[in-house]
Visitor: 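Sharing a structure here in structure tokens format.
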Amino acid sequence: MCGAMRHHWLLLGACGWVLLILMFVSKFINFRAVDDYGERIAGQSWTVSGTKVVKHISVSSPEKAASKATDQPSVPPTGVDWQSVADKRIELLSTVCKNSSLRNLTHVSISKFVLDRIFVCDKHKILFCQTPKVGNTQWKKVLIVLNGAFPTVEEIPENLVHDHEKNGLPRLSSLTPQEVTHRLNTYFKFFIVRDPFERLISAFKDKFVKNPRFEPWYKHDIAPAIIRKYRKSHRDSDLAASGLHFEDFVRYLGDAEGRRRMDRQFGEHIIHWVTYAELCAPCEIHYNVVGHHETLEQDAPHILKAAGIDQLVSYPAIPPGITRYNKTKVEHYFSDMSKRDIRRLYARYQGDFHLFGYPSPEFLLN
């Protein structure tokens, strides 16, 4: 009897240990999945020095009429057709574009810099404007499949997606002005946005902390230049080794005049943190859909269906919770920063907050 009881308790103890181990392993796998997906997704208007403004481009509006705008379009409503959500976003965008007080923050020329951001799929008449740090890698995979290079998104090598000489995705800037105008007026056009401050945190981590694709110029060229100008105390002999702080990054982005001079040095590397307005010219180009990273689970299938390609390709699987806005993370990154620096940063990105319905971060500003 005692032996049986002892065997019973040993068995229960062993089961308990197995359960604890399984819980730990599953938690670790979840964190890894989120991190890996995150790495993959991971003033006045201007144009980059040396780019040529494309003139006389007349762009017509999409046929869909927009309905009433919403204050917080990133919160998915329950029991609502997603087309109505998409329509409200376009109407809000159109309304803010007409706001003359925000014009310097929302209107840009359709320059070569903008056309360089827009990828073309002629086969299915689609234009996709790249807005880094909001899941663009996955949408590039969708376009690569549509162009016929690979049968599914899962088969595309990660290094090929970002090799713009080999991935088979032409840019709108490679076409003649007449071809550009025709596509802007007739093709299905879309891009994706996310909370502007959370996107900046993602860009900072990806380029200056983790740098998974080994792009040394961010740490060895751009970071030292920012530190030298914006860190209150530094040693010139150790700029690269000391690493860029998020506070340095914010000061650089919030300094209107100083930033413009530095951006001319940095070239196109700045695409990871310039505003959505500067990247995609949404007040000049009439997009059919503006998706939100925070509601990607609903936006991705809606975009595929609206573009007429939902039977041809699937958007890659989205790990649960990965697209959710993380207020705690935003508070953490800005916790030791002066209100003056935060307000200057907001002044730079205020246009993006208004254009896409993101509430101003009062918890940081006041």
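Keep in mind that the numbers below use all heavy atoms, side chains included, and drop hydrogens, waters and symmetry copies.
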Visitor: Looking at E155 and K141, is there a salt bridge between them, counting it only when a charged N and a carboxylate O are closer than 4.0 Å?
Guide: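 Salt bridge flag = no for E155 with K141.
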
Visitor: Set out, in order, the CA-CA distance, both residues' side-chain angles and the distance that settles side-chain hydrogen bond (donor to acceptor under 3.5 Å, both in side chains) for Y187 and D122, then state yes or no.
Guide: CA-CA 9 Å; Y187 280 23; D122 280 325; 2.7 Å; yes

Visitor: What residues, two or more places apart in sequence or in another chain, satisfy side chain to side chain contact (heavy atoms under 4.5 Å, CB included) together with R324?
Guide: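 Checked R324 against side chain to side chain contact (heavy atoms under 4.5 Å, CB included); zero matches.
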
Visitor: How long is the straight-line distance from CG of L146 back to SG of C121, given to the nearest 0.5 Å?
Guide: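 Spacing of SG (C121) from CG (L146) equals 5.0 Å.
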
Visitor: Could you list the residues that satisfy ring-ring contact (aromatic ring centres under 6.0 Å, His included) with F249, not counting sequence neighbours?
Guide: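 Result, ring-ring contact (aromatic ring centres under 6.0 Å, His included) vs F249: F204, F208, W273.
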
Visitor: Using side-chain hydrogen bond (donor to acceptor under 3.5 Å, both in side chains), reason through Y315 and D310 one step at a time and then give a plain yes or no.
Guide: CA-CA 9 Å; Y315 188 84; D310 54 318; over 6 Å; no

Visitor: Under a 3.5 Å threshold, yes or no: a donor from one side chain and an acceptor from the other, between E294 and Y358?
Guide: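 Yes, because at least one side-chain N or O of E294 sits under 3.5 Å from a partner of the opposite role on Y358.
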
Visitor: Could you check whether any side-chain N or O of S174 sits under 3.5 Å from a backbone N or O of P170, counting only pairs where one atom can act as donor and the other as acceptor?
Guide: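 Checking the backbone N and O of P170 against the side chain of S174, no donor-acceptor pair under 3.5 Å is found.
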
Visitor: So, do L160 and K166 sit near enough that their side-chain heavy atoms are less than 4.5 Å apart?
Guide: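 They are in side-chain contact.
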
Visitor: Taking ring-ring contact (aromatic ring centres under 6.0 Å, His included) as the definition, give me every residue that meets it alongside F334, ordered by chain and number, with sequence neighbours left out.
Guide: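 With sequence neighbours excluded, F334 shows a ring-ring contact (aromatic ring centres under 6.0 Å, His included) to F197, F246, given in chain and number order.
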
Visitor: Report yes or no: does T131 contribute a side-chain atom to a donor-acceptor pair with the main-chain N or O of I192 at less than 3.5 Å?
Guide: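 Here the side-chain-to-backbone pair exists.
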
Visitor: Using the rule side chain to side chain contact (heavy atoms under 4.5 Å, CB included), only one of V161, T137, V142 pairs with I156; which is it?
Guide: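 Running side chain to side chain contact (heavy atoms under 4.5 Å, CB included) over V161, T137, V142 with I156 returns exactly one hit, V161.
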
Visitor: Got R251 and M337 here, is their nearest side-chain heavy-atom distance under 4.5 Å?
Guide: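 R251 does not reach M337 side chain to side chain.
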
Visitor: Is there a donor-acceptor pair under 3.5 Å between the side chain of R194 and the backbone N or O of K133?
Guide: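 Yes.
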
Visitor: How about F119 and W139: are their ring centroids closer than 6.0 Å?
Guide: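 Aromatic pair excluded; centres sit 6.0 Å or further apart.
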
Visitor: Restricting to disulfide (SG to SG under 2.5 Å), what partner residues turn up for C97, sequence neighbours left out?
Guide: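 Disulfide (SG to SG under 2.5 Å) check on C97 returns C283.
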
Visitor: Check for a donor-acceptor pair, side chain of R117 on one end and backbone N or O of F113 on the other, with a separation under 3.5 Å.
Guide: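 Indeed, once roles are kept as given, a pair shorter than 3.5 Å links the two residues.
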
Visitor: Any luck finding a side-chain donor-acceptor pair between Y230 and D255 under 3.5 Å?
Guide: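 Side-chain D/A pair, Y230 to D255: present.
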
Visitor: If only atom types and distance count, is the side chain of N147 paired as donor or acceptor with the main-chain N or O of G168 below 3.5 Å?
Guide: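 Such a contact is found between N147 side chain and G168 backbone.
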
Visitor: What distance separates W82 CH2 from Q298 CD, expressed to the nearest 0.5 Å?
Guide: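 Between atom CH2 of W82 and atom CD of Q298 there are 4.5 Å.
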
Visitor: If we ignore hydrogens and angles and just use 3.5 Å, is the side chain of N185 paired with the main-chain N or O of T181 as donor and acceptor?
Guide: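 Yes, the answer is positive, given that a donor and an acceptor are paired below the 3.5 Å cut-off.
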
Visitor: Is any side-chain heavy atom of F190 closer than 4.5 Å to one of V290?
Guide: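 No, every pair of side-chain atoms sits at 4.5 Å or beyond.
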
Visitor: Less than 6.0 Å separating the ring centroids of H293 and Y325?
Guide: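 No, too far apart.
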
Visitor: Might you confirm whether atom NZ of K329 has over 12 heavy atoms from other residues, nucleotides or ligands at distances under 6.0 Å?
Guide: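 Above 12, so yes.
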
Visitor: Do K327's NZ or CZ and the ring of F363 fall within the cation-pi criteria of under 6.0 Å and 45°?
Guide: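 That pair qualifies as a cation-pi contact.
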
Visitor: Around atom NZ of K339, are there more than 12 heavy atoms of other residues, nucleotides or ligands at under 6.0 Å?
Guide: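 For K339, atom NZ is crowded (more than 12 foreign heavy atoms under 6.0 Å).
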
Visitor: Strictly below 4.0 Å, N to O, side chains only: are D116 and R171 in salt-bridge contact?
Guide: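 Result for this pair is no, no salt bridge flagged.
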
Visitor: Using a strict 4.0 Å threshold on nitrogen-to-oxygen distance, state whether E215 and K207 make a salt bridge.
Guide: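 Judged by the 4.0 Å cut-off on N to carboxylate O distance, E215 and K207 do form a salt bridge.
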
Visitor: At their closest point, which heavy atom of A86 faces which heavy atom of H302, and how far apart are they?
Guide: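 The answer is CB-NE2, 3.6 Å.
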
Visitor: Considering residues at least two apart in sequence or located in another chain, which fulfil the side chain to side chain contact (heavy atoms under 4.5 Å, CB included) criterion with L175?
Guide: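 Applying side chain to side chain contact (heavy atoms under 4.5 Å, CB included) to L175 gives L172, E179, V180, R183.
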
Visitor: Strictly by modelled atom types, are S109 and E284 linked by a side-chain donor-acceptor pair under 3.5 Å?
Guide: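 Checked: S109/E284 side chains show no N/O donor-acceptor pair below 3.5 Å.
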
Visitor: Without swapping roles, check the side chain of K125 against the backbone of A307 for a donor-acceptor pair under 3.5 Å.
Guide: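 Not at all, since once roles are kept as given, no pair shorter than 3.5 Å links the two residues.
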
Visitor: Are a donor atom and an acceptor atom from the side chains of D87 and S84 found within less than 3.5 Å of each other?
Guide: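 No donor-acceptor contact under 3.5 Å links the two side chains.
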
Visitor: Can you sort out the partners of N366 under side chain to side chain contact (heavy atoms under 4.5 Å, CB included), two or more places apart, ordered by chain and number?
Guide: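 So N366 forms a side chain to side chain contact (heavy atoms under 4.5 Å, CB included) with R343, E362.
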
Visitor: Can you confirm if the aromatic rings of F266 and Y218 lie within a centre distance of less than 6.0 Å?
Guide: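 No, the ring centres sit 6.0 Å or more apart.
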
Visitor: Just so I know, are the side chains of N167 and D163 near enough to count as touching, which here means a heavy-atom distance under 4.5 Å?
Guide: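 A side-chain contact is absent here, since even the closest heavy-atom pair is not under 4.5 Å.
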
Visitor: Is there side-chain contact between L279 and P132, with at least one heavy-atom pair below 4.5 Å?
Guide: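 Yes, close enough: below the 4.5 Å cut-off.
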
Visitor: Any chance the side chains of Y346 and D341 put a donor and an acceptor closer than 3.5 Å?
Guide: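 Absent: no donor and acceptor within the cut-off.
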
Visitor: Indicate yes or no: at least one non-hydrogen side-chain atom of Y276 is less than 4.5 angstrom from one of L355.
Guide: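 No; the side chains remain at least 4.5 Å from each other.
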
